[in-house]
Amino acid sequence: MLSDLNEIEQEINSFPVNSPEELENFRLKFISRNGLLTGLFEELKNVSREEKPVVGKKLNEVKKLAESKFNTLKAQLDDTGSKKEDIDLTLPAASYSIGREHLISQTLAEMVKIFREIGFKVTDGPELEEEFYNFDALNTPAHHPARDMQDTFYVQSTTDKDKKHVLRTHTSPVQIRTMLQNKPPLRIISPGKVFRNETVTYKNYFMFHQLEGLYIDKNVSMRDLKGVLAYFFKKFYGENTKIRFIPSFFPFTEPSGQVDISCFICGGKGCKTCKETGWLEVGGCGMVDPNVFRSVNIDPEEYTGYAFGMGMERLTMMKYGIKDIRILYQNDVRFLDQF
Ligand code: DAH
């Protein structure tokens, strides 16, 4: 009987259990009331007195072995019936790379933070925009050169032939959407992607980001505009940054200005970055044109407002001395990892 027990012991050890069915077979074969071991316990009474202690001890050992294997295997089989992996909770976690925010996203977040702190709300608009919002309502009539196919990506809708769509060429249409949906006073910024059908070079890309600003209330003046932009650029480029306006033209503002900041590299003395002028162009701005107010049913006699728009790639490239816009969108981690 001892040799039987040794054989059974080996069998128990090598019995394959990878599924609930196999576990049940194991139980039936060794542990159940009709199993091998129960049978051997009954046979124990036929064993001679001298042998009994040894055989009895062995039998108990083998029984314990079977039971403990059964319990271990049972615990290892999870709900799905497949075998769980042994997990060593003391092992250090596998490391993985989580990447980082793109440089332009970082700039966006920084700009938004500065404006939010002084009460601007963030709004959003679609990148695929109706021509009406992108041009008409912004006092940019049909013959205006800004609508030229060479700059604008037109998109033909197959379902709505009457409405012409464009990939928005600027974030200014969000001004219109905001003013149509809300009553003044309004103080919003709107960051996002814009698209222009440009030849890609070191300074032009077919997609870039702008941040639009709009403030409408009673008695808003150019002084408010200058104050808010001066505040922003001091925060963004440093306390010593000065700003100036240069007369310019945009269909949706009157008067319109180009915004320049004093060169933060040379402090205004003149260097390569500012082409020896001491100034850097950073955006466009102006007082909202009465025609724009009329297109959104706001009374220009009652309200005035300012608007501004700036390009994030340009601000970012100046800040970090990046010379080629394309590198921002080549997804080369050796470049992106630096920020
Ligand atoms: N939308 C203009 C552009 O893309 C930028 C701009 C200029 C926005 C003047 C404004 C503004 O809100 O007042 O070139």
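In listed order, ligands and their atoms are each counted from 1.
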Practice problem: Would you indicate whether the side-chain heavy atoms of Ile114 and Lys235 approach each other to under 4.5 Å? | Solution: yes
Quiz item: Is the Phe70 ring parallel, tilted or perpendicular to the Phe26 ring (thresholds 30°, 60°)?
Solution: parallel
Practice problem: Assess Lys69 against Phe15: is NZ or CZ under 6.0 Å from the centre of the six-membered ring, and within 45 degrees of the ring's axis? | Solution: no
Self-check item: Cation over ring face, Lys226 and Phe245, 6.0 Å, 45°
Solution: yes
Could you give the side-chain donor-acceptor pairs of residues 43-59 under 3.5 Å, partners two or more places apart or in another chain?
residue, atom, partner, partner atom, Å
Lys45, NZ, Glu42, O, 3.4
Ser48, OG, Glu51, N, 3.4
Lys58, NZ, Glu9, OE1, 3.0

Quiz item: Does the ring of Tyr205 carry Arg326 above it, NZ/CZ under 6.0 angstrom from centre and within 45° of its axis?
Solution: no
Exercise. Would you please write out the protein residues whose heavy atoms approach any atom of ligand 1 to under 4.0 angstrom, listed by chain and number?
Key: His170, Ser172, Gln175, Arg196, Gln210, Glu212, Phe250, Phe252, Thr253, Gly284, Cys285, Gly286, Ala307, Phe308, Gly309
